[in-house]
Amino acid sequence: MNLEQLVSEGVVVAIKTLFDVDLPVDGIALNETIKDYKGDLTVVVFPLTRHSKLSPEQTGQLIGEILKEQVQVVEDFNVIKGFLNLEINNTYYINFLKNSCQDQTYGRGKEGRKIVLEYCGPNTNKPLHLGHIRNMLLGYSTANVLKFAGNKVHKVNIYNDRGIAICKSMLAWQKFGNGETPESTGMKGDHFVGKFYVAFDKYYKEEISALVSNGATKEQAEQEASLLREAREMLLKWEQGDKEILDLWNKMNAWCYEGFEETFKTLGVDFEKHYKESDYYLRGKELVEEGLAKDTFYKKADDSVWVDLEDEGLDQKLLLRGDGTSVYITQDMGIAEARYQDYQFDESIYVVASEQDYHFKVLQLVLEKLEKPYAKGIFHLSYGLVNLPDGRMKSREGTVVDADDLIKEMIATAESHTNDLGKIDDFSEEESKALYRDLALGALKYFILKVNPKRSVIFNPEESIDFQGNTGPFIQFNYVRIQSLLRKQPIETIDYETINLQSEEKELIKEIYKYPQIIKLAAKNYDISEVSNYAFSLAKLYSKFYAGTSILGDTPANTKYFRLQLSKWTGEVLQSAFDLLGIQMPERM
RNA sequence: GGGCCAGUAGCUCAGCUGGAUAGAGCACCUCCCUUCUAAGGAGGCGGUCCUAGGUUCGAAUCCUAGCUGGCUCACCA
């Protein structure tokens, strides 16, 4: 039984004894005692006064006396206003450390669901940007947390590999590419393809302004520009299976995939399977037919297919165009179906930005209307957009923060920062490089993952990401300090009976004690920032302990081993949390 | 216009299912490296928790209305 349950039950018994009232154990309000007062756990007694018919102070006093007498872990108590502060026996915490610090599965849960988690979802016409970075870090780490909580998790990616946008890149390459390739130009594949996407837009705009100066309206010009018409023709040919177009499409997509793989690798994310939209968009049409047969959907005069979601508070939604071609949601229906056939999941998570909240509501409702067994297991893990100080990132206007560039800059910053400190002069070339990478990615990943996913964030490229304070490197630093101690002095047998716990040590143990709860909460709320913030507060407590306490110095052997053991465990929990975040811990820095 | 989300220190963010004087980091100002890694520690400065009502013994937290910002309501994906 855990501490909270132990105390709550004690309170329930005390109330029964004192006032002859039966209360449920989970109805007792328990908090951590705030710093200014003596104690570890606090019972909020205000709600209990209606049973005691006494003042909060008197009620707290009476309950406190019984707890002190009857609950072993309660050492002492004090009552301030309506708060009953309980001091927990040091022995309790020492025993907890003694019994749990060897547990290799500490923090792990037993939830047992089968989950498919989709994340990343890039278009194959341009490189990844900061928005994708947030997506990938969230997807990867959330999958880790869900796994750690005891679930089976399959990570999958979805490539948006077809459509007009891809045709724009293809057309621009045909027209202006002069047969260049990523190899011939030395460019990373996805950047190479993206270059032509931008080129398309440039020439398209030029064409529009030429048409406008010849008297066309802007709307006319936008529709009539020959470049756009050609792109549309290309899309049509693609759908008809034109071999030449398909070859080109395959070639350019392959360049993109090659580039993406490189970025996945540097970021340290991975996938069990990559779904491609082009493989599944036809499948969605079958579902539309199914819905028509069941009269769940309906046809308009122009043969387009719709679903009426007005009873659910939404609109009428188009599911298939009059010409029979599929729209965005048609594809997602097909992929959802395919994914269920592939995995028979209990839960299918989509890590997609909040701008698509409406889309996923619709998707789920449509699948529910089709009575799909997997519909209610669909969960949209919606996260906030990453904006720039002056608004949204726009790839065509070149205001996006490119993923590869950002990582490169972070590594360069880590390198100069590390060299300024001059602590790694004995590192080999490879060791140094690995460290720069660990620190750079630690800073970047932590920077993103410490924020609640739902929150939209503003990224200012002018302000560099910190390496000090509430950052990844701070936590890595504390881990490294611990490893340094452990290298210097092995731990020998500890006599726990004679340990005299000091307050910083107790605070550390209390923080470690929380870890399993944090994991549960993070998994329940799909909120990885719980883990990030926890890692910081643990590292901060350790840093305070480290600064104020001599661990290896002139200390009695038993105390020394105890402090080392506490340090080691702290390091292991920090390591575990950072594993979940997908951040590497260096051994030295 | 309808729907959804957000508004906490100069900046970036915590604040769980309502609980004590609202917390961190950055920035700014003081101190602290002959203790084990100072990417650190101790302290200071800094807040009408968007506004107005309401529920409650108690509200940053819940409810209502309003203000501000974002997203969305495409035969784009």
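Chain identifiers are assigned alphabetically (A, B, ...) following the order of the sequence lines, protein sequences preceding nucleic acid strands; residue numbering begins at 1 within each chain.
- Here the separation of B:rU51 from B:rC29, taken at their P atoms, is 31 Å to the nearest Å.
- Residues that satisfy the salt bridge (charged side-chain N to carboxylate O under 4.0 Å, His left out) test with A:K433, not counting sequence neighbours, are A:E429.
- Residues satisfying the side-chain contact (heavy atoms from CB on, under 4.5 Å) test with A:S52, not counting sequence neighbours, are A:F19, A:T49, A:L54, A:T59.
- In this structure, CD of A:Q331 is placed 15 Å from C1' of B:rA74, rounded to the nearest angstrom.
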Report task. Using a 4.0 Å heavy-atom cut-off, write out nucleotides 34-44 of chain B from 5' to 3' as B (base contacted by protein), S (sugar-phosphate only) or - (no contact). Result -> -BBBSBSSS--
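- Remark: B:rC71 base-pairs with B:rG3. Criterion, Watson-Crick or G-U wobble with two distances under 3.5 Å.
- The distance from atom CG of A:D36 to atom P of B:rG19 is 17 Å, rounded to the nearest whole Å.
- Remark: A:E32 pairs with A:K514 by the side chain to side chain donor-acceptor pair (under 3.5 Å) rule, at least two apart or across chains.
- The salt bridge (charged side-chain N to carboxylate O under 4.0 Å, His left out) check on A:E431 picks up nothing, with sequence neighbours excluded.
- Annotation: side-chain contact (heavy atoms from CB on, under 4.5 Å) contacts of A:S432 (sequence neighbours excluded): A:I424, A:F427, A:Y436.
- In this structure, B:rG47 forms no base pair with any nucleotide, since neither Watson-Crick nor G-U wobble geometry is met with both distances under 3.5 Å.
- In this structure A:Q223 satisfies the side-chain contact (heavy atoms from CB on, under 4.5 Å) test together with A:R232, sequence neighbours excluded.
- Annotation: proximity of residues 44-61 of chain A to RNA chain B (heavy atom, distance under 4.0 Å) is found for A:V44, A:F46, A:P47, numbered in ascending order.
- Look at OH on A:Y275: it is 22 Å from P on B:rA77, rounded to the nearest Å.
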Pairs under 3.5 angstrom, nitrogen or oxygen only, protein versus nucleotides 67-73 of chain B, please.
| unit_1 | atom_1 | unit_2 | atom_2 | d |
| --- | --- | --- | --- | --- |
| B:rC73 | O2' | A:D315 | OD2 | 2.7 |

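- Checking B:rC26 for Watson-Crick or G-U wobble geometry (two distances, each under 3.5 Å) identifies B:rG10 as its partner.
- In this structure, of B:rC13, B:rG19, B:rC76, it is B:rC13 that holds the atom nearest to the side chain of A:V457.
- In this structure, A:E505 pairs ionically with A:R563, as a charged nitrogen and a carboxylate oxygen lie closer than 4.0 Å.
- In this structure B:rG19 sits in a base pair with B:rC57, meeting the Watson-Crick or G-U test at under 3.5 Å.
- Residue A:F83 contributes atom CZ, which lies 15 Å from atom P of B:rC57 at whole-angstrom precision.
- One interatomic measurement links the two molecules: CD of A:E32 to P of B:rA20, which rounds to 12 Å at whole-angstrom precision.
- Among residues at least two apart or in separate chains, side chain to side chain donor-acceptor pair (under 3.5 Å) pairs with a member in residues 439-455 of chain A are A:Y446-A:N470.
- A:E530 meets the salt bridge (charged side-chain N to carboxylate O under 4.0 Å, His left out) test with no other residue; sequence neighbours excluded.
- The ring-ring contact (aromatic ring centres under 6.0 Å, His included) test with A:F200 is passed by exactly one of A:F196, A:Y204, A:Y197: A:Y204.
- The nearest whole Å value for the distance from the CD1 atom in A:I166 to the P atom in B:rC76 is 15 Å.
- Taking A:K510 as the reference, A:D40, A:E507 meet the salt bridge (charged side-chain N to carboxylate O under 4.0 Å, His left out) condition, with sequence neighbours excluded.
- Residue A:K35 contributes atom NZ, which lies 19 Å from atom P of B:rA14 at whole-angstrom precision.
- Separation of the C1' atoms belonging to B:rA42 and B:rA24 is 16 Å when rounded to the nearest angstrom.
- In terms of polar N and O atoms assigned as donor or acceptor, the side chain of A:N85 comes within less than 3.5 Å of the base of B:rA20 in a complementary pairing.
- Between A:R455 atom CZ and B:rC5 atom P the separation is 16 Å, expressed in whole Å.
- Comparing the C1' positions of B:rA9 and B:rA27 gives a spacing of 12 Å, expressed to the nearest Å.
- Taking atom P in both B:rA77 and B:rG40, the straight-line distance is 49 Å, to the nearest Å.
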Report task. Quick one: do A:D201 and A:K205 satisfy salt bridge (charged side-chain N to carboxylate O under 4.0 Å, His left out)? Show the steps, please. Result -> CA-CA 6 Å; A:D201 202 58; A:K205 279 192 175 136; 3.1 Å; yes
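- Counting atom types as modelled, A:T42 pairs a side-chain N or O with a base atom of B:rA20 as donor and acceptor under 3.5 Å.
- Using a 4.0 Å cut-off between charged nitrogen and carboxylate oxygen, A:R392 and A:E355 count as a salt-bridge pair.
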